[in-house]
Amino acid sequence: MVMLFFASCGKKGDPMPKGLPIPGGINDLTGEVKDGMLFLSFSTPSKNNDGSEPKDLAGFKIFKACGSCMGTFEPFKDLSLENRKGYLIQDGKVFVYDDDLTNGFQYGYKVYPYTKKGTRGDPSNIFTIKWEKTPDLVRGISIKENDERVELSWQKEEGFLYNVYRYDDNVYPLFPLNKTPVTAPYFLDTGLENDKTYAYEVRKVQAKEGIRREGEGVKIAATPKDMSPPAGPAEVKVEKKDGGVLVTWKENTEEDLAGYNIFRISSGKAEKLNKEPLEKNMYFDKNIPDNRYISYYVTSLDETGNESGPSREAIIIVKE
(Lines give C-alpha, C1' and ligand atoms only; values in the text may rest on other atoms or scores of the structure.)
Protein backbone atom coordinates (compact mmCIF):
# COMPACT_ATOMS: atom_id res chain seq x y z
CA MET A 1 0.00 0.00 0.00
CA VAL A 2 2.84 2.37 0.84
CA MET A 3 4.49 1.63 -2.50
CA LEU A 4 1.22 2.24 -4.33
CA PHE A 5 0.79 5.54 -2.46
CA PHE A 6 4.19 6.90 -3.50
CA ALA A 7 3.79 5.58 -7.01
CA SER A 8 0.61 7.61 -7.42
CA CYS A 9 2.18 10.82 -6.06
CA GLY A 10 4.51 11.82 -8.84
CA LYS A 11 6.01 15.31 -8.46
CA LYS A 12 4.05 17.82 -10.54
CA GLY A 13 5.56 21.10 -9.28
CA ASP A 14 6.85 22.95 -6.28
CA PRO A 15 4.85 22.04 -3.14
CA MET A 16 2.66 24.83 -1.80
CA PRO A 17 2.65 25.24 2.00
CA LYS A 18 -0.82 24.65 3.39
CA GLY A 19 -2.61 27.68 4.81
CA LEU A 20 -0.46 30.27 3.01
CA PRO A 21 -2.16 32.59 0.49
CA ILE A 22 -1.16 31.94 -3.12
CA PRO A 23 -0.85 34.99 -5.44
CA GLY A 24 -3.47 35.15 -8.14
CA GLY A 25 -2.48 34.19 -11.66
CA ILE A 26 -1.33 36.52 -14.43
CA ASN A 27 -3.20 36.06 -17.68
CA ASP A 28 -2.28 39.15 -19.71
CA LEU A 29 1.45 38.70 -20.32
CA THR A 30 2.25 40.29 -23.67
CA GLY A 31 5.10 41.97 -25.52
CA GLU A 32 5.81 44.92 -27.80
CA VAL A 33 8.81 45.69 -29.99
CA LYS A 34 9.88 49.17 -28.89
CA ASP A 35 13.16 51.07 -29.17
CA GLY A 36 14.75 48.06 -30.87
CA MET A 37 14.01 45.82 -27.86
CA LEU A 38 11.23 43.54 -26.66
CA PHE A 39 9.17 45.08 -23.85
CA LEU A 40 7.20 42.53 -21.82
CA SER A 41 4.27 43.74 -19.74
CA PHE A 42 1.71 42.22 -17.39
CA SER A 43 -0.72 43.31 -14.68
CA THR A 44 0.13 42.87 -11.01
CA PRO A 45 -2.27 40.44 -9.26
CA SER A 46 -5.06 42.30 -7.47
CA LYS A 47 -6.07 39.30 -5.31
CA ASN A 48 -4.78 35.98 -4.07
CA ASN A 49 -6.36 32.75 -5.28
CA ASP A 50 -8.55 32.69 -2.15
CA GLY A 51 -9.84 36.22 -2.83
CA SER A 52 -7.75 37.92 -0.13
CA GLU A 53 -5.57 41.00 -0.71
CA PRO A 54 -2.00 40.17 -1.85
CA LYS A 55 -0.33 42.02 1.04
CA ASP A 56 2.86 39.96 1.04
CA LEU A 57 3.59 39.95 -2.71
CA ALA A 58 7.39 40.11 -3.07
CA GLY A 59 8.01 40.03 -6.81
CA PHE A 60 7.89 38.13 -10.08
CA LYS A 61 10.09 35.50 -11.67
CA ILE A 62 10.24 35.57 -15.45
CA PHE A 63 11.26 32.47 -17.42
CA LYS A 64 12.42 32.45 -21.03
CA ALA A 65 12.63 29.76 -23.70
CA CYS A 66 14.20 30.08 -27.13
CA GLY A 67 14.82 28.38 -30.46
CA SER A 68 13.99 24.70 -30.79
CA CYS A 69 14.00 24.26 -27.00
CA MET A 70 10.62 25.96 -26.49
CA GLY A 71 9.68 23.28 -23.99
CA THR A 72 12.53 24.27 -21.65
CA PHE A 73 12.03 27.55 -19.80
CA GLU A 74 15.07 28.94 -18.00
CA PRO A 75 15.15 31.70 -15.35
CA PHE A 76 15.41 35.08 -17.08
CA LYS A 77 14.77 37.84 -14.52
CA ASP A 78 13.77 38.13 -10.88
CA LEU A 79 11.83 41.37 -10.34
CA SER A 80 11.95 42.25 -6.65
CA LEU A 81 9.30 44.71 -5.49
CA GLU A 82 11.69 45.79 -2.76
CA ASN A 83 14.65 46.73 -4.97
CA ARG A 84 12.69 48.15 -7.93
CA LYS A 85 15.60 47.78 -10.36
CA GLY A 86 15.52 46.78 -14.01
CA TYR A 87 11.79 47.34 -14.54
CA LEU A 88 9.01 49.91 -14.30
CA ILE A 89 5.50 49.81 -12.85
CA GLN A 90 2.94 52.18 -14.34
CA ASP A 91 -0.85 52.13 -13.97
CA GLY A 92 -0.73 48.72 -12.30
CA LYS A 93 1.33 47.11 -15.04
CA VAL A 94 4.92 45.86 -14.92
CA PHE A 95 7.22 46.66 -17.85
CA VAL A 96 10.56 44.92 -18.39
CA TYR A 97 12.76 44.67 -21.48
CA ASP A 98 14.81 41.98 -23.19
CA ASP A 99 17.59 43.09 -25.54
CA ASP A 100 19.34 39.71 -25.84
CA LEU A 101 17.58 38.47 -28.96
CA THR A 102 18.74 36.95 -32.25
CA ASN A 103 17.09 37.45 -35.63
CA GLY A 104 15.05 34.49 -36.80
CA PHE A 105 14.76 32.84 -33.36
CA GLN A 106 11.46 32.05 -31.64
CA TYR A 107 11.18 33.10 -27.98
CA GLY A 108 8.69 32.32 -25.26
CA TYR A 109 8.08 33.86 -21.82
CA LYS A 110 6.04 33.15 -18.71
CA VAL A 111 5.81 34.77 -15.28
CA TYR A 112 5.28 33.52 -11.74
CA PRO A 113 4.35 35.86 -8.87
CA TYR A 114 5.84 35.01 -5.48
CA THR A 115 5.38 36.12 -1.87
CA LYS A 116 7.81 37.19 0.86
CA LYS A 117 7.61 33.67 2.29
CA GLY A 118 8.59 32.14 -1.04
CA THR A 119 5.16 30.90 -2.04
CA ARG A 120 4.94 30.86 -5.82
CA GLY A 121 1.71 31.48 -7.68
CA ASP A 122 0.44 29.85 -10.83
CA PRO A 123 2.31 30.51 -14.10
CA SER A 124 1.02 33.17 -16.44
CA ASN A 125 -0.04 32.65 -20.01
CA ILE A 126 2.88 32.09 -22.38
CA PHE A 127 3.83 34.91 -24.74
CA THR A 128 5.77 33.94 -27.88
CA ILE A 129 7.40 35.99 -30.62
CA LYS A 130 9.71 35.39 -33.57
CA TRP A 131 12.40 38.04 -33.42
CA GLU A 132 13.11 39.98 -36.60
CA LYS A 133 15.38 42.90 -37.37
CA THR A 134 13.89 46.23 -36.31
CA PRO A 135 13.85 49.40 -38.47
CA ASP A 136 17.02 51.50 -38.63
CA LEU A 137 17.42 55.08 -37.36
CA VAL A 138 15.30 58.00 -38.50
CA ARG A 139 17.18 60.40 -40.78
CA GLY A 140 17.28 64.18 -41.07
CA ILE A 141 15.68 65.19 -37.77
CA SER A 142 15.39 68.94 -37.16
CA ILE A 143 13.58 71.10 -34.62
CA LYS A 144 11.93 74.51 -34.52
CA GLU A 145 11.61 76.11 -31.07
CA ASN A 146 8.66 78.44 -30.53
CA ASP A 147 6.61 79.92 -27.71
CA GLU A 148 5.59 76.98 -25.42
CA ARG A 149 5.90 74.57 -28.34
CA VAL A 150 8.41 72.51 -30.29
CA GLU A 151 8.02 71.33 -33.89
CA LEU A 152 9.98 68.25 -34.97
CA SER A 153 10.45 67.20 -38.58
CA TRP A 154 12.41 64.45 -40.30
CA GLN A 155 12.98 62.69 -43.59
CA LYS A 156 10.01 60.52 -44.58
CA GLU A 157 10.66 57.02 -45.90
CA GLU A 158 8.11 54.87 -47.67
CA GLY A 159 6.72 51.89 -45.76
CA PHE A 160 7.32 53.35 -42.29
CA LEU A 161 5.29 55.04 -39.57
CA TYR A 162 6.77 57.05 -36.70
CA ASN A 163 6.51 57.45 -32.93
CA VAL A 164 7.65 60.53 -31.02
CA TYR A 165 8.73 60.28 -27.38
CA ARG A 166 9.57 62.96 -24.81
CA TYR A 167 11.71 62.44 -21.73
CA ASP A 168 10.11 64.21 -18.75
CA ASP A 169 12.73 64.95 -16.07
CA ASN A 170 15.04 62.35 -17.71
CA VAL A 171 12.54 59.52 -17.08
CA TYR A 172 12.52 56.89 -19.85
CA PRO A 173 9.23 57.26 -21.75
CA LEU A 174 7.22 54.07 -22.10
CA PHE A 175 4.61 55.55 -24.42
CA PRO A 176 4.83 57.97 -27.35
CA LEU A 177 3.27 61.44 -27.37
CA ASN A 178 1.21 60.46 -30.41
CA LYS A 179 -1.80 58.25 -29.73
CA THR A 180 -1.36 56.38 -33.01
CA PRO A 181 1.76 56.10 -35.20
CA VAL A 182 2.42 59.26 -37.24
CA THR A 183 2.30 59.06 -41.03
CA ALA A 184 3.52 62.60 -41.82
CA PRO A 185 7.19 63.53 -41.22
CA TYR A 186 6.53 66.13 -38.52
CA PHE A 187 5.07 66.47 -35.03
CA LEU A 188 4.04 69.50 -32.95
CA ASP A 189 4.37 69.31 -29.16
CA THR A 190 2.48 72.08 -27.33
CA GLY A 191 1.77 73.25 -23.78
CA LEU A 192 5.47 73.28 -22.83
CA GLU A 193 7.37 75.45 -20.36
CA ASN A 194 9.49 78.16 -21.93
CA ASP A 195 13.26 78.09 -21.28
CA LYS A 196 13.09 74.44 -20.17
CA THR A 197 15.08 71.93 -22.21
CA TYR A 198 13.23 68.81 -23.37
CA ALA A 199 14.71 65.65 -24.88
CA TYR A 200 12.86 63.90 -27.70
CA GLU A 201 13.24 60.65 -29.62
CA VAL A 202 11.76 59.84 -33.02
CA ARG A 203 11.55 56.14 -33.91
CA LYS A 204 10.58 54.29 -37.06
CA VAL A 205 7.72 51.81 -36.93
CA GLN A 206 7.10 49.02 -39.43
CA ALA A 207 3.87 47.03 -39.45
CA LYS A 208 4.22 43.44 -40.63
CA GLU A 209 1.77 40.55 -40.25
CA GLY A 210 -0.22 42.49 -37.66
CA ILE A 211 2.83 43.26 -35.49
CA ARG A 212 4.34 46.74 -35.19
CA ARG A 213 8.10 46.70 -34.80
CA GLU A 214 9.72 49.91 -33.57
CA GLY A 215 13.42 50.64 -34.07
CA GLU A 216 15.86 52.54 -31.90
CA GLY A 217 15.32 56.26 -31.46
CA VAL A 218 17.37 59.30 -32.38
CA LYS A 219 17.53 61.73 -29.47
CA ILE A 220 17.42 65.50 -29.92
CA ALA A 221 17.05 68.37 -27.42
CA ALA A 222 14.85 71.45 -27.75
CA THR A 223 14.16 74.52 -25.59
CA PRO A 224 10.93 76.42 -26.27
CA LYS A 225 11.29 80.19 -25.98
CA ASP A 226 9.00 83.11 -25.26
CA MET A 227 8.46 84.73 -28.65
CA SER A 228 5.26 86.62 -27.87
CA PRO A 229 5.79 90.37 -27.45
CA PRO A 230 3.79 92.39 -24.93
CA ALA A 231 0.95 94.62 -26.05
CA GLY A 232 1.88 97.98 -27.50
CA PRO A 233 1.44 100.93 -25.11
CA ALA A 234 -1.90 102.74 -25.30
CA GLU A 235 -3.14 106.27 -24.65
CA VAL A 236 0.12 108.03 -25.49
CA LYS A 237 -0.16 111.73 -24.65
CA VAL A 238 2.24 114.66 -25.08
CA GLU A 239 2.28 117.96 -23.22
CA LYS A 240 4.51 120.99 -23.68
CA LYS A 241 6.29 121.96 -20.46
CA ASP A 242 8.94 124.47 -19.49
CA GLY A 243 12.19 123.15 -20.88
CA GLY A 244 10.78 120.31 -22.92
CA VAL A 245 7.95 117.89 -23.70
CA LEU A 246 6.36 115.40 -21.27
CA VAL A 247 5.26 112.10 -22.83
CA THR A 248 2.97 109.77 -20.83
CA TRP A 249 1.09 106.54 -21.61
CA LYS A 250 -1.02 103.88 -19.97
CA GLU A 251 1.02 101.34 -18.00
CA ASN A 252 1.22 97.78 -19.35
CA THR A 253 0.16 94.93 -17.05
CA GLU A 254 2.21 91.94 -18.36
CA GLU A 255 4.00 90.05 -15.58
CA ASP A 256 7.21 89.73 -17.61
CA LEU A 257 7.30 93.38 -18.69
CA ALA A 258 10.88 94.73 -18.75
CA GLY A 259 10.11 98.33 -19.68
CA TYR A 260 9.53 100.71 -22.59
CA ASN A 261 11.35 102.35 -25.48
CA ILE A 262 10.40 105.84 -26.62
CA PHE A 263 10.98 107.26 -30.09
CA ARG A 264 10.81 110.83 -31.41
CA ILE A 265 10.05 111.60 -35.05
CA SER A 266 11.29 114.84 -36.53
CA SER A 267 11.86 115.74 -40.17
CA GLY A 268 10.58 112.26 -41.08
CA LYS A 269 13.26 110.39 -39.07
CA ALA A 270 12.64 108.27 -35.95
CA GLU A 271 15.18 108.40 -33.12
CA LYS A 272 15.24 106.22 -30.02
CA LEU A 273 15.65 108.49 -26.98
CA ASN A 274 16.43 106.05 -24.14
CA LYS A 275 19.55 103.88 -23.79
CA GLU A 276 18.00 101.42 -21.30
CA PRO A 277 14.34 100.31 -21.10
CA LEU A 278 12.22 102.85 -19.21
CA GLU A 279 10.70 101.52 -16.01
CA LYS A 280 8.03 104.23 -15.66
CA ASN A 281 5.26 105.07 -18.09
CA MET A 282 6.52 108.61 -18.69
CA TYR A 283 9.45 110.43 -20.28
CA PHE A 284 10.55 114.09 -20.27
CA ASP A 285 12.28 115.16 -23.47
CA LYS A 286 14.62 118.09 -22.80
CA ASN A 287 16.38 118.20 -26.16
CA ILE A 288 13.70 119.48 -28.48
CA PRO A 289 14.79 119.83 -32.11
CA ASP A 290 14.29 123.12 -33.96
CA ASN A 291 11.13 121.98 -35.76
CA ARG A 292 7.62 123.38 -35.85
CA TYR A 293 6.12 120.08 -34.78
CA ILE A 294 7.35 116.66 -33.68
CA SER A 295 5.74 113.34 -32.75
CA TYR A 296 6.41 110.45 -30.37
CA TYR A 297 5.60 106.75 -30.16
CA VAL A 298 6.35 104.10 -27.54
CA THR A 299 7.06 100.35 -27.61
CA SER A 300 7.06 97.84 -24.73
CA LEU A 301 9.57 95.05 -24.05
CA ASP A 302 9.45 91.81 -22.07
CA GLU A 303 12.23 90.10 -20.10
CA THR A 304 13.10 87.86 -23.05
CA GLY A 305 13.68 90.86 -25.30
CA ASN A 306 10.51 90.65 -27.37
CA GLU A 307 9.38 94.12 -28.42
CA SER A 308 5.85 95.20 -29.25
CA GLY A 309 4.84 97.13 -32.29
CA PRO A 310 4.75 100.95 -32.04
CA SER A 311 1.95 102.74 -30.28
CA ARG A 312 -0.08 105.38 -32.07
CA GLU A 313 1.93 108.52 -32.68
CA ALA A 314 1.23 111.56 -30.54
CA ILE A 315 1.95 114.88 -32.31
CA ILE A 316 2.74 118.20 -30.64
CA ILE A 317 3.37 121.68 -32.06
CA VAL A 318 6.47 123.10 -30.41
CA LYS A 319 6.68 126.35 -32.44
CA GLU A 320 3.70 128.54 -33.29
Side-chain angles (χ1 to χ4, degrees), residues 29-42 77 85-105 107 109 127 129-228 304:
L29 174 63
T30 188
E32 292 181 275
V33 182
K34 301 165 70 75
D35 200 10
M37 301 179 286
L38 175 63
F39 274 79
L40 299 168
S41 66
F42 54 90
K77 288 190 177 182
K85 293 181 179 180
Y87 68 97
L88 293 172
I89 295 182
Q90 185 170 320
D91 298 329
K93 297 198 77 171
V94 177
F95 295 86
V96 62
Y97 70 89
D98 183 4
D99 59 356
D100 184 16
L101 302 162
T102 302
N103 291 338
F105 277 67
Y107 294 92
Y109 302 85
F127 170 76
I129 185 172
K130 183 179 180 181
W131 189 251
E132 295 184 6
K133 184 179 179 181
T134 57
D136 59 359
L137 299 177
V138 177
R139 298 181 177 89
I141 296 181
S142 63
I143 58 169
K144 184 183 291 185
E145 300 158 325
N146 289 303
D147 196 355
E148 298 183 350
R149 60 181 58 196
V150 169
E151 182 177 337
L152 299 99
S153 59
W154 54 88
Q155 179 182 328
K156 180 176 174 59
E157 297 182 54
E158 292 299 323
F160 293 100
L161 305 171
Y162 302 91
N163 282 332
V164 180
Y165 293 81
R166 184 182 69 213
Y167 288 73
D168 290 324
D169 299 322
N170 292 321
V171 176
Y172 184 87
L174 283 173
F175 306 104
L177 295 173
N178 45 291
K179 293 183 179 179
T180 57
V182 175
T183 57
Y186 61 84
F187 183 83
L188 181 63
D189 190 18
T190 60
L192 304 175
E193 181 181 339
N194 285 335
D195 300 319
K196 179 179 178 180
T197 300
Y198 296 86
Y200 292 89
E201 273 192 14
V202 183
R203 305 173 189 167
K204 278 185 190 177
V205 180
Q206 188 174 40
K208 184 179 179 181
E209 298 178 354
I211 298 177
R212 287 176 177 167
R213 300 177 185 272
E214 180 188 86
E216 292 184 43
V218 175
K219 187 178 287 189
I220 190 169
T223 306
K225 302 173 182 177
D226 178 8
M227 302 182 70
S228 300
T304 308

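Any value given below was found using the heavy atoms of this structure, including those in side chains, with hydrogens, waters and symmetry copies removed. Predicted model, so just to flag it, every value in this text is computed and none were measured. Nothing fancy with the numbering, it's 1 onward along the sequence.
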Can you tell me how far [atom2] of [Y] sits from [atom1] of [X], rounded to the nearest 0.5 angstrom?
X    : Y    : atom1 : atom2 : value
T190 : L177 : OG1   : CG    : 10.0 Å
Q206 : I211 : CD    : CD1   : 12.0 Å
S41  : F127 : OG    : CZ    : 8.5 Å
N194 : T304 : CG    : OG1   : 7.0 Å
Y167 : Y200 : OH    : OH    : 13.0 Å

Practice item. Count the heavy atoms belonging to other residues, nucleotides or ligands that lie under 6.0 Å from NZ of K225, then report whether that count exceeds 12. Key: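 Count not over threshold, so no.
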Check your understanding: Just wondering, more than 12 heavy atoms not from E216 lying within 6.0 Å of its CD?
Key -> no
Quick check against the 3.5 Å criterion: does [X] have a side-chain atom that pairs as donor or acceptor with the backbone of [Y]?
X    : Y    : result
N103 : K133 : yes
D99  : L101 : no
Y198 : E193 : yes

Side-chain heavy atoms of [X] within contact of [Y], under 4.5 Å:
X    : Y    : result
V171 : P173 : no
D189 : R149 : no
S142 : S153 : yes

Point to revise | Stepwise side-chain contact (heavy atoms from CB on, under 4.5 Å) check, E151 with F187 | key: CA-CA 6 Å; E151 182 177 337; F187 183 83; over 6 Å; no
Which pair of heavy atoms, one from [X] and one from [Y], lies closest together, and at what distance?
X    : Y    : value
A222 : I143 : CB-CD1, 3.6 Å
R212 : P181 : NH1-CD, 3.3 Å
G104 : K130 : O-CE, 3.7 Å
T223 : E145 : N-OE2, 2.8 Å
E214 : P135 : C-CD, 4.1 Å
V202 : V138 : O-CG2, 3.5 Å

Check your understanding: Does Y109 have K77 sitting over its ring (NZ/CZ under 6.0 Å from centre, angle to axis within 45°)?
Key ->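 Because its charged atom misses either the 6.0 Å distance or the 45° angle limit, K77 does not stack over Y109.
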**Study point:** Listed once per pair and sorted, the ring-ring contact (aromatic ring centres under 6.0 Å, His included) pairs that draw on residues 130-160, sequence neighbours left out
**Key:** W154-Y162
Revision key, fill the gap. Residues at least two apart in sequence or cross-chain that pass salt bridge (Lys or Arg N to Asp or Glu O under 4.0 Å) with K85, listed by chain then number, are none
Review point. Who passes salt bridge (Lys or Arg N to Asp or Glu O under 4.0 Å) against K204, sequence neighbours left out?
Key: D136, E157
Between side-chain atoms of residues 29-40 and protein atoms elsewhere (two or more places apart, or another chain), which donor-acceptor pairs fall under 3.5 Å?
residue: K34; atom: NZ; partner: Y165; partner atom: OH; Å: 3.3
residue: K34; atom: NZ; partner: L174; partner atom: O; Å: 3.0
residue: D35; atom: OD1; partner: G217; partner atom: N; Å: 3.3
residue: D35; atom: OD2; partner: Y172; partner atom: OH; Å: 2.7

Review point. Is E201 salt-bridged to R203, cutoff N-O under 4.0 Å?
Key: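 Between R203 and E201 there is a salt bridge, with a charged N closer than 4.0 Å to a carboxylate O.
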Practice item. Indicate yes or no: does D168 engage R166 in a salt bridge with an N to O separation below 4.0 Å. Key: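 The answer is yes: the pair qualifies as a salt bridge.
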**Study point:** Sequence neighbours excluded - salt bridge (charged side-chain N to carboxylate O under 4.0 Å, His left out) pairs with any residue from residues 89-98
**Key:** K64-D98
**Study point:** Residue pairs passing the side chain to side chain donor-acceptor pair (under 3.5 Å) test where at least one lies in residues 174-187, sequence neighbours excluded
**Key:**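 Counting only pairs at least two positions apart or across chains, the side chain to side chain donor-acceptor pair (under 3.5 Å) contacts touching residues 174-187 are N163-N178.
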